[in-house]
2 protein chains.
Amino acid sequence: MEARIEKIKQQLQAQGYKLTPQREATVRVLLENEEDHLSAEDVYMLVKDKAPEIGLATVYRTLELLNELHVVEKMNFGDGVARYDLRNNDKNHHHHHLICVQCGAVDEIMEDWLGPLEERLAKEYNFKVIDHRLDFQGICHRCNEKQ
Amino acid sequence: MEARIEKIKQQLQAQGYKLTPQREATVRVLLENEEDHLSAEDVYMLVKDKAPEIGLATVYRTLELLNELHVVEKMNFGDGVARYDLRNNDKNHHHHHLICVQCGAVDEIMEDWLGPLEERLAKEYNFKVIDHRLDFQGICHRCNEKQ
DNA sequence: CACTATAATGATACTAGGACTGATAGGATT
DNA sequence: AATCCTATCAGTCCTAGTATCATTATAGTG
């Protein structure tokens, strides 16, 4: 945890930025909720608990900055809000999404399911894959269990 | 009743849509006439009682939207009128996209490639798939052959 | 330590884009 | 032609995100 913050601090400083208390609080929230895909508003709420005096604009600015430094990834799921994800440096972007149409939760799957498909695409369709995106819409396990 | 409306509201919001008064009135009519197969015109007449200022186009748009979200099923009995049915269980529709980053073409693939994956999702993640979206970015066969 | 330049912040007004609407003209289908 | 449906238009509303600006914190320098 501390090590990862230290690393991010160095990434910032390498570009001439500072890890201010507000930025550190924001980064901590992201680290503590690494599994989720938080929106800026979500992050704002969570950071407020740690540092109540922080402003919304600062959170937006921090997330934007972290995105530029490739510390987080800014993603769009079509519900009108940007969501932010810490990036793992092992950068296997074989992550797919399970989007719950009932509660709006977004879960991630890290398995690589599309390798065989990409081979077929190359052979049968003469299509050279550069990137892909796989999202499932449905009912998540939490909502399933509720009923 | 209220619970079902709430559920539909969440489904809408998960995709960035809103449950407006007009839409809610329409949904209520559908719920109250769940046994029947109402046509759009039928729905329009019934909604008019609740919300006289509603426009016909809005009813059509609402039904179309609910159809896309798999809240309602649009059926055709060959009498030239589409009829709408609330539904709980859904069939999947399979279409994937090959998006060429060079010429911008978008090809569609109708094969069902994700059936096995969806089974695994149900078993291992307890996630009930309603719909999915699989897009590949790459170089299409036309561009490949050109070079 | 004091001084300074500037990076960063908080509050808030603002913007831009998209969702949504009713009316109606026109397209599609039978 | 008649009926069902869709496209378009002009306008409203909402809100995620940005720009502004006065103020404060910070790092570097001497």
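The sequence lines fix the lettering, A, B, ..., with proteins before strands; numbering per chain opens at 1.
With values rounded to the nearest 0.5 angstrom, A:H96 atom NE2 is found 9.5 Å from B:L114 atom CG. In this structure, NE2 on A:H97 lies 4.5 Å from CD on A:E108, to the nearest 0.5 angstrom.
Residues A:R28 and A:E24 have side chains in contact (heavy-atom distance under 4.5 Å, counting atoms from C-beta outward). Within the 4.5 Å cutoff, side-chain heavy atoms of B:L30 are placed close to those of B:L63.
In this structure, B:K9 atom NZ and C:dA19 atom P are separated by 18 Å, rounded to whole Å. The interatomic distance linking B:N76 (CG) with D:dC5 (P) rounds to 9 Å, in whole Å. Atom CG in B:L63 sits about 15 Å away from atom P in D:dC4, given to the nearest Å. Distance CD (A:Q13) to P (C:dA8): 11 Å, rounded to an integer number of Å.
Contact annotation: B:Y60 side-chain N/O to D:dC5 OP1/OP2 distance is under 4.0 Å.
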When you compare the protein's N or O atoms with those of nucleotides 20-26 of chain C, which come within less than 3.5 Å of each other, and at what distance?
{"unit_1": "C:dC20", "atom_1": "OP1", "unit_2": "B:K18", "atom_2": "N", "d": "2.2"}
{"unit_1": "C:dC20", "atom_1": "OP1", "unit_2": "B:K18", "atom_2": "O", "d": "3.4"}
{"unit_1": "C:dC20", "atom_1": "OP1", "unit_2": "B:R23", "atom_2": "NH1", "d": "2.8"}
{"unit_1": "C:dC20", "atom_1": "OP2", "unit_2": "B:R23", "atom_2": "NH1", "d": "3.1"}
{"unit_1": "C:dC20", "atom_1": "OP2", "unit_2": "B:R23", "atom_2": "NH2", "d": "3.1"}
{"unit_1": "C:dC20", "atom_1": "O5'", "unit_2": "B:R23", "atom_2": "NH1", "d": "3.3"}
{"unit_1": "C:dC20", "atom_1": "O5'", "unit_2": "B:R23", "atom_2": "NH2", "d": "3.1"}
{"unit_1": "C:dT21", "atom_1": "OP1", "unit_2": "B:T20", "atom_2": "OG1", "d": "2.3"}
{"unit_1": "C:dT21", "atom_1": "OP1", "unit_2": "B:Q22", "atom_2": "OE1", "d": "3.2"}
{"unit_1": "C:dT21", "atom_1": "O3'", "unit_2": "B:Q22", "atom_2": "NE2", "d": "3.0"}
{"unit_1": "C:dG22", "atom_1": "OP1", "unit_2": "B:Q22", "atom_2": "NE2", "d": "3.4"}
{"unit_1": "C:dG22", "atom_1": "OP1", "unit_2": "B:E53", "atom_2": "O", "d": "3.3"}
{"unit_1": "C:dG22", "atom_1": "OP2", "unit_2": "B:G55", "atom_2": "N", "d": "3.3"}
{"unit_1": "C:dG22", "atom_1": "OP2", "unit_2": "B:T58", "atom_2": "OG1", "d": "2.0"}
{"unit_1": "C:dG22", "atom_1": "N7", "unit_2": "B:R61", "atom_2": "NH2", "d": "2.7"}
{"unit_1": "C:dG22", "atom_1": "O6", "unit_2": "B:R61", "atom_2": "NH1", "d": "3.0"}

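In this structure, A:K74 reaches neither bases nor backbone, as no heavy-atom distance under 4.0 Å exists between it and the strands shown.
Looking only at atom types and distance, the side chain of A:E118 has a donor-acceptor partner in the side chain of A:H132 under 3.5 Å away.
The pair B:E34-B:R4 counts as a salt bridge, with a side-chain nitrogen and a carboxylate oxygen less than 4.0 angstrom apart.
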